[in-house]
Amino acid sequence: MTGHEDWREIVIVLEREQSDVSGELLRRLVLPPEIELNGQSVDECVAEGLQRAQSLRRPTVITLINTQWIDAESAEALLRICTLLRYAAILVLMSGRPSARREVNRLSAFARNTPNGTYIRVDPFNSAQTRELLRQYLNTPLSTGAVGAVQQETSGYPLLVHEIGQHLATTLIGSRRLAVSLAAAKAGRAAQWMRRGFEDALAPLSEEALRVLRILAVSPVPLSQHQIAKILDSPADLSDVLESGLAAWDERLFGHKVRSELIGEAILELMCPNELVELHRELTGLGDEVQSLHHRLEIPRLLPGDEPIGVLALDRRRAATEALLRGDLESAFQQFLSVARMSPDAQAL
């Protein structure tokens, strides 16, 4: 826009409810305010948009926020208009969260590769960005450990980081406890809103992509593509799963996992106990002995009486002893704690 001080800007913020209204964004974008939005077809709106674009006398910037909520018809129509106006004095800026909807991905890919468009993908924060946001709420130094704990518990989602910072800021310095603020954020309004958002993000996924996400949600550790394919009993195509933003590749542990605990919880809440038990059975034996034992313990918790508690308690106690021998005190404590919860008697302990 160099050399043009009088350029025009149009900003449209999309809401979740609008994704089900055919042509909603297109009508808001191309029709004058005085015209009713429900009386025009998509083709008529495309023609109107092209005519108005050709009569523009000054450059125009169109900003679309939350493009993950764009309706399918508007996405396709906007793609047609932008293709025909590739070299017009129009700049289309789009920003949105990852989506599994193909029309959204086509539009964002076009925006990234066209000379008069750009796309900003809104991803969770990294550790540096999490630290920067927390600094806006606190006037005390932040340790690397504290920032790491917030990053791990929130997976970098800005809304949750904001809630934690706000909770800490409104607590007296001498009374601040990070664990309390973390728990408050995960039980707060933002977390509940995000869970509903995650459930909406699951809707457009294929059944195979949903099954992959269920496997990752049930597994306590990241899984390789080979391991996922073994459970599916067929080659695993993870492109839709990763594009949805609900799963990610863990560089450190070299495997795929759900992006956050909140996503995992949202997925698990939509499954019945029998489905969960079946997945735990399939995952038993896929990893090492500790992981296998985890799945064996989850099965009787979901379906009491499925496996004798005494056998599980002995296996868990043996795993705790092995953890002690290799110096893994935290794992040993968790194993002994599980034994106490399963069979709180002197003989089991």
Sort out for me which residue in Thr118, Ile120, Thr63 forms a side chain to side chain contact (heavy atoms under 4.5 Å, CB included) with Ser95.
Ile120

Going by the side chain to side chain contact (heavy atoms under 4.5 Å, CB included) test, name the single residue among Leu286, Leu223, Leu210 that passes it with Ile215.
Leu223

In sequence, state the C-alpha distance, the side-chain angles, and the governing distance for His162 and Tyr137, and then conclude on ring-ring contact (aromatic ring centres under 6.0 Å, His included).
CA-CA 8 Å; His162 158 77; Tyr137 295 98; 5.5 Å; yes

So if you build clusters from Ile, Leu, Val, Met, Phe, Trp, Tyr with side-chain heavy-atom gaps below 4.5 Å, do [X] and [Y] land together?
| X | Y | result |
| --- | --- | --- |
| Phe125 | Phe198 | no |
| Ile263 | Leu253 | no |
| Ile228 | Leu246 | yes |
| Tyr157 | Val122 | no |
| Met271 | Leu232 | yes |

Lys186, NZ: over 12 other non-hydrogen atoms inside 6.0 angstrom:
yes

Between Arg259 and Ser155, the two heavy atoms sitting closest are O-OG, 3.0 Å

Closest heavy-atom pair and its distance - Arg101, Ile70:
NH2-O, 2.5 Å

Out of curiosity, [X] [atom1] to [Y] [atom2], how far, rounded to the nearest 0.5 Å?
| X | Y | atom1 | atom2 | result |
| --- | --- | --- | --- | --- |
| Leu242 | Asp237 | CG | CG | 9.0 Å |
| Glu15 | Ile65 | CD | CD1 | 10.5 Å |
| Gln225 | Leu238 | CD | CG | 4.5 Å |

Trp249 vs Phe254 aromatic rings, parallel, tilted or perpendicular, using cut-offs 30° and 60°?
perpendicular

Side-chain touch [X]/[Y], heavy atoms, less than 4.5 angstrom:
| X | Y | result |
| --- | --- | --- |
| Asn116 | Val92 | no |
| Leu160 | Leu262 | yes |
| Arg176 | Leu138 | yes |

Under 3.5 Å, is there a donor-acceptor pair between the side chain of Arg214 and the main chain of Ile267?
no

Expected output: side-chain Glu76 to main-chain Glu103 donor-acceptor under 3.5 Å:
no

